[in-house]
Q: 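If you scroll down you'll find the structure; I have some questions about it.
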2 protein chains.
Amino acid sequence: MTSTTFSGEIPLEARTLAERVFQQLQDAIVRGELPAGSKITEPGLAQTYGISRGPLREAMRRLEAHRLIEREPHVGARVVKLSMRELLELFDMREALESMAARLAARHMTVEEVQALRDVLIAHEEQGDLDQAEAYYQREGDLDFHYLIVRGSHNRMLMTTLCDDLYYLVRLYRTQYSARGGRPQRAFIEHHRIVDAIASGDEELAEQLMRRHVIAARQTVAERYAMSLDEDRELPKGSRKALSGRTPST
Amino acid sequence: MTSTTFSGEIPLEARTLAERVFQQLQDAIVRGELPAGSKITEPGLAQTYGISRGPLREAMRRLEAHRLIEREPHVGARVVKLSMRELLELFDMREALESMAARLAARHMTVEEVQALRDVLIAHEEQGDLDQAEAYYQREGDLDFHYLIVRGSHNRMLMTTLCDDLYYLVRLYRTQYSARGGRPQRAFIEHHRIVDAIASGDEELAEQLMRRHVIAARQTVAERYAMSLDEDRELPKGSRKALSGRTPST
DNA sequence: ATTTCCCTGATTGTTGACAATACCCATGAC
DNA sequence: GTCATGGGTATTGTCAACAATCAGGGAAAT
């Protein structure tokens, strides 16, 4: 699979060069092929992708707007490097927006959409039992769950903000901190409760459950970070492998 | 005042052409000089601003990312036209993000920042009493209030999303529907209560008050819209002057 | 030895021209 | 009269070359 199949919108095989290279770069960044913090040089990338600098610069402008790269005039661009502070900020954004999405989903989702949501949950669990090491699908499956809820909100602005912006940052973070899905069983339970609330049309409950779900994930990340700092203090010269292994799925 | 003085970030006199024309276009769209729905042609704008199409296209790509224009490949771009549905979606986004901002502001704002907030409120009220017809400053003053709270959240991601994206859409809506600030006295009261909650560090209350504040504004818009539809039905051939006059300030 | 200055190389910003695509309107067939 | 079809024109997409700016290193002065 070359393209992500994630963005929901049909790729339409990208009618324009700038569009295509934008998607390719977005994917490359999120997958870690372009490492976080690495410098991006226009002639280099232009040659790599076999295009001119014109469309490339337009693609970079879009990446900049999506917060995936950072530019400084006359100096250059680098792949964004999420600090822990920014990661926690991201969780606050998700708490606000996804809880709203859950409320709207409880209000607007059709029975077919709710069924699709349950199907994803089931597939997600089977995948998790089947091959726990195959974290890639789990990660995507997890985001697919959240993604379906956001779509269920029937709020286009919310959809683009979350799916086109924030979720790519989430994936970038998971790549950057090599975060494989953690605390799966608890997340599964929470997912089920959220779906039930949505299915029963209980807006207030759906919002509240999603809010706590995101908060719990945020807290786990914060605690793991504090722990990694403690380890660093105990082993002052030790190689710091930040937040490796497992971080919570949401 | 050429530049908006609103975006908070120091303009730095825009080191690059693309940056400058982006800000100019952003301002022109929000102020209604480029009418909503009007087509944008690249050679035309390039000549208008005296630049080449290269930087112009980069600026347009940024405007597209900020949802101020809409592009279709090989066809062209037009200034976005906010439908009532999208406007209500915008209010949902604001409810989610600004209530979060208010909570974070109650947690993080310094006493100096709270004082600046009170100063803006006072100036806002004096302006409102002084010259009620001078709606421009009132509009900006109102947004400045919300803007300061968002800054007080000390969450950069929230700041850019609200101040760089959503608030420009709010201003565009106000221009598009020629919405002069309405229900001022009630909004004033609500603003004061929000500030008091923030000053006392009551996160829960600040969030809740801001949420209701946005919801009230949303509801007023929705009611006025329904009323305008009724008028249209009573006067079937009548010229429909959508939502003219007064819409709520927030 | 350290600091300052300048110079060189490379990268970014900008431009104008060329190619491809889509809209518009006129022409013709039914 | 209405609809399909074709060419002309304007606009968008892309490219390669030119100008402006910045980073790094070396030489000279203190």
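Remember, predicted model here, so these are calculated numbers, not experimental data. Naming: A, B, ... by sequence-line order, numbering from 1 per chain.
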Q: On a plain distance test, is the side chain of A/R53 in donor-acceptor contact with the base of C/dG13 below 3.5 Å?
A: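 Side chain to base: pair present.
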Q: Considering just the side-chain nitrogens and oxygens of A/T41, establish if one lies under 4.0 Å of OP1 or OP2 belonging to C/dA10.
A: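 For C/dA10, neither OP1 nor OP2 has a side-chain N or O of A/T41 closer than 4.0 Å.
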Q: Thinking salt bridges, do A/E113 and A/R151 make one under a 4.0 Å N-O criterion?
A: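 A/R151 and A/E113: not salt-bridged.
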Q: May I ask you to evaluate whether A/R15 reaches the phosphate of C/dA22, defined as a side-chain N or O under 4.0 Å from OP1 or OP2?
A: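 The answer is yes; a side-chain N or O of A/R15 sits under 4.0 Å from OP1 or OP2.
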Q: Contact class for B/I40 (heavy atom, under 4.0 Å): base, sugar-phosphate, or nothing?
A: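 Counting heavy atoms under 4.0 Å across all strands, the contact made by B/I40 is with sugar-phosphate only.
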Q: Indicate, with a heavy-atom threshold strictly under 4.0 Å, whether B/G54 touches base, sugar-phosphate, or nothing.
A: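 Result for B/G54 = base.
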Q: Can you measure A/F22 atom CZ to D/dG13 atom C1' for me and round it to whole angstrom units?
A: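 Rounded to the whole Å, the gap is 18 Å.
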Q: For B/K39 and C/dA22, give me the distance from atom NZ to atom P, rounded to whole Å.
A: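 Checked: the NZ to P distance equals 13 Å.
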Q: Ignoring backbone atoms, test whether B/T16 places a side-chain nitrogen or oxygen under 4.0 Å from the OP1 or OP2 oxygen of C/dT14.
A: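 Yes, within the criterion.
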Q: How are the rings of B/Y173 and B/F91 set relative to one another: parallel (under 30°), tilted (30 to 60°) or perpendicular (over 60°)?
A: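 Correct class here is perpendicular.
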Q: Return the value, rounded to whole Å, for the distance between atom CD of A/E42 and atom C1' of C/dT14.
A: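 Taking atom C1' of C/dT14 as the reference, CD of A/E42 is at 12 Å.
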Q: Write down the distance between CG (B/L56) and P (C/dT15), rounded to a whole number of angstrom.
A: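 Roughly 10 Å, once rounded to whole Å.
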Q: Is any side-chain heavy atom of A/L88 less than 4.5 Å from a side-chain heavy atom of A/Y225?
A: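 Contact flag for A/L88/A/Y225 side chains = no.
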Q: Below 4.0 angstrom from OP1 or OP2 of D/dT11, is there any side-chain N or O of B/R57?
A: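 For D/dT11, OP1/OP2 do not have a side-chain N/O of B/R57 under 4.0 Å.
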Q: Run the salt-bridge test on B/E86 and A/R156 with the 4.0 Å N-O cut-off and return the result as yes or no.
A: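 So B/E86 does not pair with A/R156 through a salt bridge.
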Q: When the distance from CD of B/E19 to P of C/dT14 is rounded to whole Å, what number comes out?
A: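 To the nearest whole Å, that distance equals 10 Å.
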Q: With rounding to the nearest 0.5 angstrom, report the OG to CG distance, B/S153 to B/L97.
A: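 If we round to the nearest 0.5 Å, B/S153:OG and B/L97:CG are 10.0 Å apart.
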Q: Would you kindly compare A/P73 and A/S52 by the position of their nearest DNA chain D nucleotide and give the one closer to the 5′ end?
A: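 Here A/S52 is the residue nearer the 5' end.
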Q: Mind calculating the distance between OH (A/Y49) and P (D/dG13) to the nearest angstrom?
A: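 Spelled out: OH on A/Y49 to P on D/dG13 is 21 Å.
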Q: C/dT15 C1' sits how many Å from A/E58 CD, rounded?
A: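 In whole Å, C/dT15 C1' and A/E58 CD are 15 Å from each other.
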Q: Using a cut-off of strictly less than 4.0 Å, decide whether A/R71 has a side-chain nitrogen or oxygen near OP1 or OP2 of C/dG13.
A: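 True: A/R71 side-chain N/O within range (under 4.0 Å) of C/dG13 OP1/OP2.
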Q: For a quick check of understanding: with a heavy-atom distance under 4.0 Å over all strands, which category does A/P55 fall into, base, sugar-phosphate or nothing?
A: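 It contacts sugar-phosphate atoms only.
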Q: Rounded to whole angstrom units, what separation is found between the CD1 atom of B/I51 and the P atom of C/dT14?
A: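 Whole-Å distance recorded here is 8 Å.
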